[in-house]
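One structure is given here, and the rest of the page talks about it.
This structure is a prediction, so every number in the text was calculated from the model and none was measured.
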Amino acid sequence: MTELAAVKAALKTQAVETPSWAYGNSGTRFKVFAQAGVPRDPFEKLDDAAKVHEFTGVAPTVALHIPWDKVEDYAALAAHAEKRGVRIGAINSNTFQDDAYKLGSICHPDATVRRKAVDHLLECVDIMDATGSRDLKLWFADGTNYPGQDDIRSRQDRLAEGLAEVYERLGEGQRMLLEYKLFEPAFYTTDVPDWGTAYAHCLKLGEKAQVVVDTGHHAPGTNIEFIVATLLREGKLGGFDFNSRFYADDDLMVGAADPFQLFRIMYEVVRGGGFTSDVAFMLDQCHNIEAKIPAIIRSVMNVQEATAKALLVDGSALAAAQGSGDVLEANAVLMDAYNTDVRPLLREVREESGLEPEPLKAYRASGWGEKVVAERVGGQQAGWGA
C-alpha cells in the first residue's frame, strides 16, 4: 500500500461523535437565541444527527445528556437511532442543574446530596445498558468559591468514594470517562480541575476509567498536545471533547480559534497510536448564533482536515531531523504537513466512499433544513436553558 493509500484508508476509519445538545437551542449566560426547526425531543435530535452522518460518513454515534435527553423507553430511542443509520454514543451525566447541587454533588458535604448524585450516575449506567452505549462521561461542576468553605482533602475523599461505587456498577465493555475543567462555576477550588487530578482518580479506579480531554478546559498557554501524548503513553486517554475557545470554555466550533493547535493535537494522537485505539473523538459544542447542522458538519470536516494533515507528517524525515538535532528541519517537516491543502484528498476519500465530495453543499441541496422548519411547529424546542 502506498503512503497516500494508507492515509486514505486511515481517514475512512475515522469516527467523530456528535452531541445531542448541539442540535438544540443554546446560548450564553445572558440569552438563548431560539432557531426555527430545532428538535423538540431526543428522537428529532437523532434525525438531525443522522443527516450529519449521511453527508460526512464519519459521524455514526450521538452522545446523549441525561436528563436533557430523558425518555420513557431508551431501547426504543436506540432502535430509532439504528433505523436512522446512527447509534447511541456516550451517556453524559448532569449533576449541576439541580438546586440540591448548590454546594456540589458527588463532593457535597451532605451525604444525602451525595447519594442523590451517585444514584443519578447509576441511572446513567442503566441507560447505557438499555442503549448499548460503551461510555459513561462524567463532568462535575463541584468546587468552592471561598477559602475555608469546605475541606479540600475531604472533597477528594468523597469524590473517590462516589466514583468507586459507580465504577463497580460498570458492565463488560463499558468505560468511565472522567473530564476535567480548570474553573467555572467554582472559582476558588474545582474538585476535578486538571488532567493530573482526573488521571490520579482513574489510575486508582482501574482499567475501565480513563481521562477525557476537553480542548477548551485549560489555562491560556497550556500545551494540550503534551497532555495528550502523556495520557496516550500511559494508556489513559479515553477521548476528546473537541471545541474551540478564544477566552475560556467558549464551546465554539473546533478548529475555529487555533487550527494549528488542533493539528498538533492530532499529530500526537497519530504518533501515539490513539487513532487506531479506543480513543473517542467527540464534539462538545454549542451553536448559539450559527445554524446547528451546518456548524456540526463543518466541525466534523475540521477534525477530518486536521487528521489528514497529521497523517501526512513524514515520520521518517521527522525522526531523522530530531535525531540529528536539526531544529529547523524538524519544524519544517511538521509545517510542510500542516500547510498542505488536504481538501482535494478528502474529496477523493468521500467519493471513494460513495459520498458527495462537498458535505455542506450536499446538505444544503437536500432541503432538510427547510423541511424541519416547516414541520417542527409547536411543542417545546430542545435546549439546555443557559
Side-chain angles (χ1 to χ4, degrees), residues 19-22 24-34 38-42 45 63-72 74 90-128 136-166 169 176 178-193 197-198 201 214 217 241 248-249 251 284 286 288 379-386:
S20 67
W21 54 95
N25 286 322
S26 59
T28 67
R29 290 167 183 76
F30 307 106
K31 171 68 177 175
V32 172
F33 297 99
V38 162
R40 296 163 295 181
D41 57 44
K45 291 179 182 180
L64 300 186
H65 207 296
I66 308 300
W68 300 343
D69 295 316
K70 200 173 183 69
V71 296
E72 291 296 323
Y74 288 101
I91 304 300
N92 291 253
S93 62
N94 183 319
T95 55
F96 53 87
Q97 283 190 315
D98 191 294
D99 285 344
Y101 300 142
K102 181 171 69 175
L103 299 180
S105 61
I106 195 172
C107 302
H108 198 287
D110 188 330
T112 303
V113 177
R114 296 200 299 276
R115 183 71 259 162
K116 175 186 175 74
V118 171
D119 284 346
H120 168 66
L121 303 185
L122 294 173
E123 174 196 11
C124 288
V125 182
D126 292 339
I127 295 170
M128 292 169 66
L136 171 68
K137 191 145 75 65
L138 307 177
W139 172 73
F140 299 105
D142 292 35
T144 63
N145 278 349
Y146 296 98
Q149 177 182 324
D150 199 0
D151 186 73
I152 294 174
R153 179 165 174 167
S154 295
R155 292 181 73 89
Q156 288 297 307
D157 292 340
R158 299 168 201 153
L159 174 64
E161 182 180 354
L163 290 176
E165 181 177 347
V166 178
R169 169 65 181 81
M176 172 189 290
L178 182 58
E179 186 177 352
Y180 57 89
K181 188 175 183 180
L182 177 66
F183 72 100
E184 191 193 37
F187 292 104
Y188 173 60
T189 62
T190 300
D191 290 313
V192 191
T197 306
H201 282 283
D214 184 306
H217 285 187
D241 273 356
D249 185 24
D251 280 351
D284 181 14
C286 293
N288 303 336
Q380 180 68 41
Q381 287 188 324
W384 65 283

Is it true that D241 and K137 have a side-chain N and a carboxylate O under 4.0 angstrom from each other?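 Yes, this pair counts.
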Between D69 and W21, does any side-chain donor sit less than 3.5 Å from a side-chain acceptor?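 There is no such pair (donor and acceptor under 3.5 Å, judged by atom type) between the side chains of D69 and W21.
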Which residues pass the side chain to side chain contact (heavy atoms under 4.5 Å, CB included) test with R115, not counting sequence neighbours?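 If we apply the side chain to side chain contact (heavy atoms under 4.5 Å, CB included) test to R115, skipping adjacent residues, the hits are V118, D119, L122, E165.
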Could you pull out all residues at least two apart from D98 that satisfy side chain to side chain contact (heavy atoms under 4.5 Å, CB included)?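 Per chain and number, D98 pairs via side chain to side chain contact (heavy atoms under 4.5 Å, CB included) with A100, Y101, K116.
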Under 3.5 Å, side chain of R114 to main-chain N/O of S105, donor-acceptor pair present?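 No, because the side chain of R114 does not come within donor-acceptor range (under 3.5 Å) of the backbone of S105.
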Strictly distance-based, threshold 3.5 Å: is any side-chain N or O of H65 a donor or acceptor partner for the main-chain N or O of S20?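 No, the answer is negative, given that no donor and acceptor are paired below the 3.5 Å cut-off.
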To the nearest 0.5 Å, what is the distance between [atom1] on [X] and [atom2] on [Y]?
X    : Y    : atom1 : atom2 : value
R155 : T190 : CZ    : OG1   : 9.5 Å
D191 : T144 : CG    : OG1   : 7.0 Å
R169 : C124 : CZ    : SG    : 11.0 Å
D41  : Q380 : CG    : CD    : 11.5 Å
L138 : T95  : CG    : OG1   : 8.0 Å
N288 : T28  : CG    : OG1   : 7.0 Å

What orientation do W139 and F96 show, parallel under 30°, tilted 30 to 60°, or perpendicular over 60°?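 Ring orientation, 0 to 90° scale: perpendicular.
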Parallel, tilted or perpendicular: which fits the ring planes of F183 and F187, with parallel below 30° and perpendicular above 60°?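 F183 vs F187 ring planes: tilted.
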Show your working on side chain to side chain contact (heavy atoms under 4.5 Å, CB included) between I91 and Y74 and close with a plain yes or no. CA-CA 12 Å; I91 304 300; Y74 288 101; over 6 Å; no
Heavy atoms only: give me the nearest [X]-[Y] pair and the separation to one decimal.
X    : Y    : answer
F140 : V192 : CD1-CG2, 4.4 Å
A141 : A186 : O-CB, 4.3 Å
A382 : V38  : O-CG1, 3.7 Å

Side chain to side chain contact (heavy atoms under 4.5 Å, CB included), paired with L136, selected from V166, L178, N92: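 With L136 as partner, V166, L178, N92 yield a single side chain to side chain contact (heavy atoms under 4.5 Å, CB included), made by V166.
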Yes or no on side chain to side chain contact (heavy atoms under 4.5 Å, CB included) for D249 and H217, after CA distance, side-chain angles and deciding distance? CA-CA 6 Å; D249 185 24; H217 285 187; 3.1 Å; yes
Sole candidate of D110, D150, D142 that passes salt bridge (charged side-chain N to carboxylate O under 4.0 Å, His left out) when paired with R158: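 Only one option passes, and that is D150.
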Tell me, do M176 and H201 make a side-chain contact under 4.5 Å, heavy atoms counted?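 Result no, sub-4.5 Å side-chain heavy-atom pair not found.
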Side chains of Q149 and T189 in contact at under 4.5 Å (non-hydrogen atoms):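 No; the side chains remain at least 4.5 Å from each other.
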